[in-house]
Student: 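The structure's right below; bear with me while I get my questions together.
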Amino acid sequence: MRVLDVEDLVREARSKGTVGAYQALSQPLIGRRSNRYAFAREHLGLPDHLTFALEKEIEQSEEEARELGPDCLSSIPFHDLCYGLLLPLDGISPRRSQRLFGMSGPYGERLDSKERRALVAEFLGNDSLGLDLVDKVALVRGDPFLGRNVGTSLNVLLDVLSQVVFRSPTALRDDLGSIGDVQEVFVRHCSRHKSDPPLTTREVLLPLRHLRGSWGAKKKRVLRSLVERMGRLEVFFMIAFLRQGRRVSQTLGDEALLDAIAATHDVDRGRLDLARSLVDVFELARIVRDEGKEGLAQLALKPLSPVGPMLAGPEIPKAPNFPLFFEKKYDGIRLMVHKASNERGAIRVAAYTRRRHDWTGQLPGINGLAWALPCREVILDGELHGTFFSEVGPRPASVYDVMKHVRGEGGVPIKLRFTAFDVIYLDGQDLTERPFHQRRDVLQRLVGPLSGLPLPIPLELSDGELVRARPDMMRLYNLFRAQGYEGGIAKEPNAPYSLGRRSDQWTKLKPAITLDLAVTGALYTTSVQGPGATFGSYLVSALAEGPSLQEVGRVQGLGAQDSARLLSSILDEGLLTGRRLERDTSSGRKAGVELRPGIVATVRFEGVVRDDTGKLSLRDPKILRVRTGEKDLGELDTVKEIERLFQKQRFS
DNA sequence: CCTGATGCGTC
DNA sequence: GTCGGAC
DNA sequence: GTCCGACGACGCATCAGG
């Protein structure tokens, strides 16, 4: 056995360039070392974010059996891209830009939407940047994660910054309190204008693209490696990328992107539109990049290719156009069930959620359901929901029970059911253009006979009927409510099925309960949009024994005007107790202030939910109006009342 | 081993 | 899920 | 009108640290 000479291997590998060297060494040396990052840093001079990106890229290229090019990182410097593209697209005001970066960008002032479109078209058409179409779409959309949800909490960002600038996270949080915007906090603490040597755009895009699923110290190490090499402009936009929800160039939607792709990549605009209804814009870019026109031409609605379901519009209008099909609204998980058969009769089944995630594996019973359908191929749209069995008899389960049952592999005494309410594809035919009533007929013939069969997940047709006037509709609505369901959906009989879109041809009718609650605190907004509102949400409390106040939930803030008015009355009436408070939210811990009672909010909500610990909260709460100057606690609704509502909805 | 923090998914 | 705001 | 980010709820998986 020959002993490997590390030095020799490294010397030989380095002659192959950065990527080649890592590839050459990843198997014999780096893969075996516990600290690959330290090894790559010492011997190859690779910063951590590149080691991370290359490791992931190599993994992926092996899976997809494709070559990893030696120049997969060489591309336009990220700084130049920020300056030439992201800054003009972002619509940041010239004054702010001057203050943050000491410059106002290449155009001096804000671009209007026409100019932004032109810029995007020019960018997509420029093939000397070392960026492919997927990269470009990701940049224009400000989403390096390609449409997947990747969040980074505020605390993680501040931790990373604290490692780079040697300032405590607490001090940084205080800075954030006075500056108001995370991106700006990073910019202020960044000493350089420009990275040196410059980071390339791919060098930033690739680590971010693979960041999904990375957690804790690993994620922080990658981010730190990037942040400490960035100048102000670069760090500003990377932080924008990382903030979940916050995207640059938000004003330029898919439409503009499709226009630009059509113009620069010689594909038909109408074809792109059609494609867009079947896949998201990132997948579309990948298809154009890898398969070109032919790939686009092959795109069609077909089983086993997930598509976004049609979504209902907001609320039913006061005077809807009758007749309408009024259908029970089930509280569960929206699911598209796909069935496909090949020539030899082998059947494949899949189930996809509203955001096109594959839930087939989590729902073994879905196979039996699909097999029972008397057709070769089909795509059914419906709701996975459940029935809860308790001492007082069966009642519809809430979506939380359903999730617990599905994810926790039972443990909850509910029986899952799948209720189909639409069919969009049947045996080679795309039915999306057909009017709803025709699809309903098809569905009835297909699913009706299977109702009541003992399938692993029972299949049934949604409950509903054609109503000709409001009293008919309300009679049905009250019946559905009495049975414990959420309400109803009104569907226009002639509506086609709009894939992946929200349509007002389907509207909801749901209950609205209101309570008067005390506003006992406010959390600062994390918004970075202009002046906006100071507070992003409010803590509300109900009257409890004592009398005392018990917090019963948070309610999203008001519009800019109402919010400003509320803030001034808080100050006028001296409602600030001076105590600060913090609450955990899905986007990290948020800071806020405690308020003395004095503001009463009328809160509308759809029901009461109870978590594992027995705590009751309001579901989908919204502030209808606020009254100030209320000193009398007796006017408030009580915790008892909320408990009563919870019991009532359970046993109705 | 338990608990809290974080991320990601559903509504 | 809802809502408000920018376009 | 349409789009999308800022917000609400819970539950589960995973990891860090006492």
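All chains are named by letter (A, B, ...) in the order of the sequence lines, taking the proteins before the strands, and each is independently numbered beginning at 1.
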Student: Taking only N and O in the side chain of A:R619, is any of them less than 4.0 Å away from OP1 or OP2 of D:dG8?
Tutor: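 Checking A:R619 against D:dG8: no side-chain N or O falls below 4.0 Å of OP1 or OP2.
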
Student: When you check the phosphate oxygens OP1 and OP2 of D:dC3, does a side-chain N or O of A:R502 lie under 4.0 Å from one of them?
Tutor: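 Checking D:dC3 against A:R502, no side-chain N or O comes under 4.0 Å of OP1 or OP2.
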
Student: Rounded to the Å, how far apart are A:Q556 CD and D:dC4 P?
Tutor: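 These atoms are roughly 18 Å apart.
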
Student: Could you tell me how far apart A:L311 (CG) and C:dG1 (P) are, to the nearest whole angstrom?
Tutor: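 Taking atom P of C:dG1 as the reference, CG of A:L311 is at 7 Å.
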
Student: I want to check one thing: is the phosphate of D:dC3, taken as OP1 and OP2, less than 4.0 Å away from some side-chain N or O of A:R141?
Tutor: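 So the side chain of A:R141 is outside the cut-off, no N or O lying under 4.0 Å from OP1 or OP2 of D:dC3.
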
Student: Taking ring-ring contact (aromatic ring centres under 6.0 Å, His included) as the test, write out the residues that go with A:Y330, two or more places apart.
Tutor: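 Listed in chain order: A:H385, A:Y485.
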
Student: Between C:dC3, C:dG1, B:dT10, spot the one nearest the side chain of A:K508, thanks.
Tutor: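 Nearest listed nucleotide: C:dG1.
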
Student: Measure from the side chain of A:R355, starting at C-beta and using heavy atoms only, and say which of C:dC3, B:dC11, C:dC7 lies closest.
Tutor: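 So the side chain of A:R355 is nearest to B:dC11.
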
Student: Taking 4.0 angstrom as the limit, do A:D422 and A:K491 come out as a salt bridge?
Tutor: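 No salt bridge links A:D422 with A:K491.
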
Student: Would you classify A:V402 as touching base, sugar-phosphate or nothing, given that sugar-phosphate means primed atoms plus P, OP1 and OP2, and contacts are heavy atoms under 4.0 Å?
Tutor: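 Touches nothing.
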
Student: Can you tell me if A:K219 touches the phosphate of B:dG7, counting only side-chain N or O atoms and a distance under 4.0 Å to OP1 or OP2?
Tutor: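 For A:K219, the contact criterion (side-chain N or O under 4.0 Å from OP1 or OP2 of B:dG7) is met.
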
Student: What is the distance, rounded to the nearest whole Å, between atom CG of A:L146 and atom P of B:dC8?
Tutor: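 Rounding to the nearest Å, CG of A:L146 and P of B:dC8 are 14 Å apart.
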
Student: If you find the nucleotide of DNA chain B closest to A:R354 and the one closest to A:L211, which residue's nucleotide is nearer the 5' end?
Tutor: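 On the 5' side of the pair lies A:L211.
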
Student: Please report, rounded to the nearest Å, how far the P atom of D:dC10 is from the CZ atom of A:F605.
Tutor: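 It works out to 14 Å between those atoms.
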
Student: Roughly how many Å is it from CG in A:D358 to P in B:dG9, rounded to a whole number?
Tutor: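 Value for this atom pair: 13 Å.
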
Student: In chain order, what residues pass the side chain to side chain donor-acceptor pair (under 3.5 Å) check against A:D358, with sequence neighbours excluded?
Tutor: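 Partners of A:D358 under the side chain to side chain donor-acceptor pair (under 3.5 Å) test: A:T360.
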
Student: Identify the pairs formed between an N or O of the protein and an N or O of nucleotides 11-18 of chain D at a distance under 3.5 Å, and give each distance.
Tutor:
unit_1, atom_1, unit_2, atom_2, d
D:dG11, OP1, A:D612, OD1, 3.4
D:dG11, OP2, A:D612, N, 3.2

Student: Does A:K510 have a side-chain nitrogen or oxygen under 4.0 Å from the phosphate oxygens OP1 or OP2 of C:dT2?
Tutor: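 Affirmative; the distance criterion is met.
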
Student: What residue pairs, at least two apart or across chains, pass side-chain hydrogen bond (donor to acceptor under 3.5 Å, both in side chains) with a residue in residues 206-227 of chain A?
Tutor: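 Pairs touching residues 206-227 of chain A that pass the test: A:H49-A:S225, A:E57-A:H210, A:D135-A:R209, A:T152-A:K219, A:D159-A:K220, A:R224-A:E228, A:S225-A:R229.
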
Student: C:dA6 P sits how many Å from A:L89 CG, rounded?
Tutor: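 One finds 19 Å between P of C:dA6 and CG of A:L89, rounded.
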
Student: I'd like to check the salt bridge (Lys or Arg N to Asp or Glu O under 4.0 Å) partners of A:K510; sequence neighbours left out, ordered by chain and number.
Tutor: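 A:K510 satisfies salt bridge (Lys or Arg N to Asp or Glu O under 4.0 Å) with A:E606 once adjacent residues are dropped.
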
Student: Rounded to the nearest angstrom, tell me the gap between atom CG in A:D504 and atom C1' in C:dT2.
Tutor: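 Between C1' of C:dT2 and CG of A:D504: 17 Å.
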
Student: Atom CZ of A:R117 and atom P of D:dC3: how far apart are they, to the nearest Å?
Tutor: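 Distance check: A:R117 CZ to D:dC3 P gives 12 Å.
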
Student: By side-chain contact (heavy atoms from CB on, under 4.5 Å), which residues pair with A:S541, not counting sequence neighbours?
Tutor: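 Here the qualifying residues are A:T520, A:L549, A:E551.
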
Student: Just by distance, with hydrogens left out, do A:D401 and A:S398 show a side-chain donor and acceptor under 3.5 Å apart?
Tutor: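 A pair is found: one side chain offers a donor N or O, the other an acceptor, under 3.5 Å apart.
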
Student: Between B:dC11, D:dA9, C:dC3, which nucleotide gets closest to the side-chain atoms of A:S617?
Tutor: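 Within the option list, the nearest is D:dA9.
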
Student: When we call it a touch if two heavy atoms are under 4.0 Å apart, what does A:S398 touch: a base, just sugar-phosphate, or nothing?
Tutor: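 Answer is nothing: A:S398 stays at 4.0 Å or more from every strand.
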
Student: Between A:E315 and A:R604, is there a salt bridge with N-O shorter than 4.0 Å?
Tutor: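 Salt bridge: yes.
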
